[in-house]
Protein chains: 2
Amino acid sequence: MKKGAQTQKRDTYHHGDLRAQLIEATRQLVEEKGPDHFSVSEACRVAGVSTAAPYKHFKDKDEMLHAVAIQGMQRQQGQMIEELKPYQLGTLDRIIALGRVYTRFASQEPGVFRLMFGLSSDHDEVTELVETGTATFEIVQLEVAACRGSAEINEQDVHRSFQLWSFVHGLSFLAIDGKLNKAPMPFDMEFMLADVAQRVMAD
Amino acid sequence: MKKGAQTQKRDTYHHGDLRAQLIEATRQLVEEKGPDHFSVSEACRVAGVSTAAPYKHFKDKDEMLHAVAIQGMQRQQGQMIEELKPYQLGTLDRIIALGRVYTRFASQEPGVFRLMFGLSSDHDEVTELVETGTATFEIVQLEVAACRGSAEINEQDVHRSFQLWSFVHGLSFLAIDGKLNKAPMPFDMEFMLADVAQRVMAD
DNA sequence: TTGTCAAAGTAAGAACCTCTCACATATAAG
DNA sequence: CTTATATGTGAGAGGTTCTTACTTTGACAA
């Protein structure tokens, strides 16, 4: 008889890979209850360890959340690279694909997405988070330049990339906040992405 | 000798206007420490009452935060109406003005802005919040229609309004998250707003 | 003027929470 | 086999949210 997926039991004193399991438990709980309303002790219960255990692996609660945010950024970036594959370099479809991944990620993992951007915890100071974010934005900029037929990013490309990022970023938040379904007409995400991509990339 | 703006003293047993003062204390603290890291007891210390007092006026912590979010929405809406005044009806300048208020509000009150949108607390169920938000979006839609020279909002207007909203919403978040200053060139917010407004409103 | 009631405060405490400390146990390296 | 180190635990200090029973006070009817 299993005792609820809630709590893990273990026969060894040492855990094996507590750090990874705590991150996973944190991710789950953040998704379930939201980044606010997450508690370290609950993560401990899920992982089946004492409430003191996490502090061997993380400085504090915020660092646990940071770890989940970092993994989220990496997952998001991975999905982008994957999604680009079917499309030919230099096409608008690739820009649209990046936007699709962004909004889809937010919809599928709203808790983690909020963690990545919505919290006030000083993310500036988490270098790994900043670096992953910068790398992802680099991908966008390169795609925008490629649409011009260039491999070099110029000032206009940066500008357009920020416009695209702002748009999908806001769209994602509005989506997970449930603001889009209040519209009088059905909301067509794919059309919205394509329309904006075309407008921003137009001369 | 004043005893630090920290704690209010009072000679009467009854407070007078505790609800309002608690909301103000909450707003201050949310701004200072961020929506996460806000504590009811600290607000009580600021207001100079026992930690049980708030529960005569609010169901729980979340309801206090909701109250601040609602006031934020109302303040934002007020600023929009004010900012529109100098500009002639039906001009792009009015669209730009709305965007300017949105991003400016976020920059000036990032804590409250995050509270209004960034938290997972079920804002759907706070009718006053939803209603104010809807009313504000109505203003945007009317301006978009007016740009077409119409007083009626059609489907395309709704569509464009969502594009504009998404954009300024995302831009605001990126701004308060400090993502915009990483750019290689200086970031010109006003130009960005104007450029996007023009692109979205173009035929 | 006075009696009573409801509104709005308090003190105390239950049930959480984060994080620290001293201590226990297992693993890997010599 | 011994020992150092990494990784776990139990206990607890001090903070938090929220409830309960009690107190104070202002308002209003008699």
Side-chain angles (χ1 to χ4, degrees), chain A residues 6-30 32-69 111 115 119-122 126, chain B residues 6-30 32-69 111 115 119-122 126:
Chain A
Q6 202 68 335
T7 314
Q8 306 246 354
K9 267 280 171 261
R10 103 199 96 91
D11 34 348
T12 52
Y13 182 88
H14 281 293
H15 189 285
D17 193 16
L18 182 55
R19 193 189 143 85
Q21 289 211 188
L22 277 175
I23 293 178
E24 174 53 21
T26 301
R27 194 197 57 74
Q28 259 177 238
L29 290 170
V30 160
E32 270 173 42
K33 329 230 170 182
D36 42 350
H37 305 121
F38 161 76
S39 90
V40 175
S41 25
E42 202 163 357
C44 290
R45 256 169 264 138
V46 172
V49 291
S50 76
T51 56
Y55 297 93
K56 295 291 176 187
H57 299 274
F58 304 94
K59 192 177 129 288
D60 56 15
K61 176 179 174 172
D62 275 344
E63 202 173 288
M64 291 178 68
L65 292 173
H66 288 330
V68 173
L115 204 57
L119 253 46
S120 59
S121 328
D122 262 336
V126 186
Chain B
Q6 201 68 336
T7 314
Q8 306 245 353
K9 266 278 170 268
R10 105 200 94 89
D11 32 347
T12 53
Y13 181 87
H14 281 293
H15 188 286
D17 193 16
L18 181 56
R19 192 189 144 84
Q21 290 211 189
L22 277 175
I23 292 177
E24 174 54 21
T26 301
R27 194 196 58 73
Q28 261 178 236
L29 290 170
V30 161
E32 271 174 40
K33 329 229 169 181
D36 38 353
H37 305 122
F38 161 77
S39 90
V40 174
S41 25
E42 202 162 358
C44 290
R45 257 170 262 140
V46 172
V49 292
S50 76
T51 57
Y55 297 93
K56 296 289 175 186
H57 300 274
F58 304 93
K59 189 177 130 290
D60 56 15
K61 177 179 175 174
D62 276 343
E63 201 173 288
M64 292 178 69
L65 292 172
H66 287 331
V68 173
L115 205 56
L119 254 46
S120 57
S121 328
D122 263 335
V126 186

Worksheet item: Out of B:L115, B:L29, B:V68, which one pairs with B:F38 under the side chain to side chain contact (heavy atoms under 4.5 Å, CB included) rule?
Response: B:L29
Worksheet item: Under 4.0 Å between a side-chain N/O of A:R19 and OP1 or OP2 of D:dG8, yes or no?
Response: no
Practice prompt. Ignoring backbone atoms, establish whether A:S41 has a side-chain N or O less than 4.0 Å from OP1 or OP2 of C:dT18.
Written response: yes
Item to complete: Any pair with a residue in residues 16-30 of chain A that passes salt bridge (charged side-chain N to carboxylate O under 4.0 Å, His left out), sequence neighbours left out, goes on the list, sorted by first then second residue, please.
Response: A:E24-A:R27
Discussion item. Could you tell me how far apart A:E42 (CD) and C:dA15 (P) are, to the nearest whole angstrom?
Written reply: 18 Å
Item to complete: Just compare D:dA21, C:dT20, D:dT7 and give me whichever is closest to any side-chain atom of A:A52.
Response: C:dT20
Worksheet item: In whole Å, what is the span from the NZ atom of A:K33 to the C1' atom of C:dC17?
Response: 14 Å
Worksheet entry | Stretch residues 59-68 of chain B: residues that reach within less than 4.0 Å of DNA chain C through a heavy atom | none
Worksheet item: At under 4.0 Å, does any side-chain N or O of A:S39 touch on OP1 or OP2 of C:dC17?
Response: yes
Fill in: Side-chain heavy-atom pair A:C44, A:S50 within 4.5 angstrom cut-off
no
Item to complete: State whether B:S50 places a side-chain N or O below 4.0 Å from either non-bridging phosphate oxygen (OP1 or OP2) of C:dG9.
Response: no
Discussion item. Going by salt bridge (charged side-chain N to carboxylate O under 4.0 Å, His left out), name the residues that satisfy it together with A:K56, two or more places apart in sequence or in a different chain.
Written reply: none
Discussion item. Using side-chain heavy atoms (C-beta onward) and a distance below 4.5 Å, is B:F58 in contact with B:V40?
Written reply: no
Worksheet, complete the sentence: note: A:L18, atom CG; C:dA26, atom P; distance rounded to Å ~ 16 Å
Item to complete: Look at A:H57 and D:dG8 and indicate whether a side-chain polar atom (N or O) is within less than 4.0 Å of OP1 or OP2.
Response: yes
Fill in: Side chain proximity check, A:D36 to B:L119, heavy atoms < 4.5 angstrom
yes
Worksheet item: Rounded to the nearest Å, what distance is computed from the CG atom of residue B:L22 to the P atom of nucleotide D:dT17?
Response: 12 Å
Worksheet entry | Proximity to the side chain of A:R45 - top-ranked nucleotide from C:dA8, D:dG8, C:dC17 | C:dC17
Fill in: A:K56 vs A:V40, nearer the 5' end of DNA chain C by closest nucleotide
A:V40
Fill in: Rounded distance in Å - OH (B:Y55) to C1' (D:dA21)
17 Å
Discussion item. Is there a side-chain contact between B:H57 and B:L18 in this structure, where contact means two heavy atoms from C-beta onward sitting under 4.5 Å apart?
Written reply: yes
Discussion item. How many whole angstroms separate atom CZ of A:F58 from atom P of C:dT18?
Written reply: 14 Å
Practice prompt. Send over the distance from B:D36 CG to C:dT18 P, rounded to a whole Å.
Written response: 14 Å
Fill in: Length of the line joining B:F38:CZ and D:dG15:C1', which is rounded to integer Å
15 Å
Worksheet item: Picking from D:dT17, D:dG8, C:dT10, which would you name as closest to the side chain of B:A53?
Response: C:dT10
